[in-house]
Amino acid sequence: MSRQQVTVQLGVRSYPVIIGSGVRIELNSVLPATARRAVIVTQQSIPLLVETDIPQTTVVIGEGEQHKTLATIEHVLREFARAGLNRNDVVVGVGGGLVTDVAGFAAASWHRGTPVVHVPTSLVGMIDAAIGGKTGVNLPEGKNLVGAFWQPHAVLCDTDALATLSERELRCGYGEMAKYHFLTGDDLLSMDRTARIARCIQIKADIVANDEREVGVRAMLNYGHTLGHALEIATGFEIAHGESVAIGMLFAAHLARVLERIDDARVDYHKRVISGAYGLSTALPQDCRSEDLMSLMLSDKKALRGLTFVLDGPNGVELVADVSPAAVTQALSRMEVR
Ligand code: GLY
């Protein structure tokens, strides 16, 4: 049983991410010393129970992206009020990315900022959502449009939770995991699971430490996400986040090729990692129209100067603005359709 620890280095707001089997039992040791009460935010289906040594109340939120709303935040905040939570206390988010995004945003808002500890139970949560302090909810107009940067006090990635995930949930995690191959070129496949998760977290922690508020390099963590978010919305979330990111990364590779930023071998490398190593589909759903995807991509948060994508290229993966609609259409036409 290996236990690993990564520190997200943010000065006085630095925090540990602990990874390994059974690490949820370390929860008490990572709570803020001031906390006299905890509110656990979780979902009915989450199999991981956490116990703190202080009085705790549990708030259960709905399952599915349709519950990632301001209405859910209001519900959670009113439960904080009923529990008598104050800003020296602690919120604990136990669940996948939806739960930790909601718990984090509620904690950020409560009394203008209350500590939060995350116990992510999905692979996406462990290697992405629970790390780095992005919190928030969706609006009908788009994903994650309302939120706050609120760094957790600590993160416990108990790998026992992974055994409870469905094949599809694991696949979603692989979409985010594949991303780290393109950001670094690291040979992640040669590592065992705990080491690979820890390495992905370390890569993300380094990026966040350099650019907490995403004014620069942090944008690379959104690789594959511009088309990915558009696909999630266009399909009414029938395609899950990690699956959409997988399709979005191959699209980004085709777009980088159209723009002559990378060669055919690099596009093939994307296919080998995304489909070959992680078994993810990279085909566009048949009923998604290019025009609809294009307008969704134009309303993406990153699109401050026209169609904007995170693209591979001679300097690695970086943000590229003002991409022509013709190039996007050409890249979409290179995608398989299913
Ligand atoms: N999930 C992308 C980020 O945390 O920046």
Side-chain angles (χ1 to χ4, degrees), residues 6-10 13-15 17 19 65 68 93 95-105 107-108 116 118 120-138 142-152 154-155 157 169 172-184 197-233 237 240-249 252 297 300-304 308-312 316-320:
V6 169
T7 302
V8 182
Q9 301 284 1
L10 289 167
R13 290 175 297 111
S14 297
Y15 56 93
V17 182
I19 309 115
E65 196 73 20
K68 196 175 171 185
L98 190 158
V99 170
T100 55
D101 278 12
V102 164
F105 186 35
V116 64
H118 291 314
T121 57
S122 69
L123 186 53
V124 177
M126 292 181 195
I127 62 174
D128 187 38
I131 320 284
K134 279 191 182 174
T135 71
V137 293
N138 304 332
K143 274 200 53 131
N144 300 332
L145 291 183
V146 188
F149 284 100
W150 188 241
Q151 297 296 341
V155 181
C157 299
E169 286 167 320
C172 285
Y174 293 150
E176 290 289 350
M177 196 171 247
K179 178 180 82 180
Y180 291 104
H181 287 250
F182 308 121
L183 301 190
T184 59
I197 291 171
R199 181 63 195 139
C200 292
I201 292 169
Q202 182 70 64
I203 295 167
K204 178 155 185 180
D206 291 344
I207 293 170
V208 169
N210 272 318
D211 180 21
E212 182 185 5
R213 295 291 174 120
E214 198 172 310
V215 287
V217 290
R218 184 166 178 168
M220 73 165 76
L221 289 168
N222 294 315
Y223 193 44
H225 285 54
T226 311
L227 180 65
H229 282 167
L231 284 172
E232 282 181 83
I233 295 167
F237 299 103
H241 180 71
E243 295 168 328
S244 304
V245 168
I247 301 169
M249 286 189 293
M297 290 190 283
D300 188 85
K301 282 199 296 307
K302 290 185 296 305
L304 301 176
T308 302
F309 296 89
V310 179
L311 296 178
D312 202 357
V317 171
E318 62 187 353
L319 201 63
V320 180

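First listed ligand is number 1; within each ligand, the first listed atom is number 1.
Here the options are K68, H118, K134, the test is side-chain hydrogen bond (donor to acceptor under 3.5 Å, both in side chains), and the partner is D101; only K68 passes.
For residues 219-232, every residue pair satisfying the salt bridge (charged side-chain N to carboxylate O under 4.0 Å, His left out) rule, not counting sequence neighbours, is listed here: K143-E232.
The two residues Y223 and L183 have their closest heavy-atom pair at CB-CD2, 4.4 Å. Scanning both residues, V116 and G93, for their nearest heavy atoms gives CG2-N, 4.5 Å.
Within the 4.5 Å cutoff, the side chain of L123 has no heavy atoms near those of the E169 side chain. The shortest side-chain heavy-atom distance between C172 and E243 falls under the 4.5 Å cut-off.
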May I have a table of the N/O to N/O pairs between ligand 1 and the protein that fall below 3.5 Å, each row giving the two atom names and the distance to 0.1 Å?
| unit_1 | atom_1 | unit_2 | atom_2 | d |
| --- | --- | --- | --- | --- |
| ligand 1 | 1 (N) | D128 | OD1 | 3.0 |
| ligand 1 | 1 (N) | D128 | OD2 | 3.2 |
| ligand 1 | 4 (O) | K204 | NZ | 2.5 |
| ligand 1 | 4 (O) | R218 | NH2 | 2.8 |
| ligand 1 | 5 (O) | K134 | NZ | 3.0 |
| ligand 1 | 5 (O) | R218 | NE | 2.7 |
| ligand 1 | 5 (O) | R218 | NH2 | 3.3 |

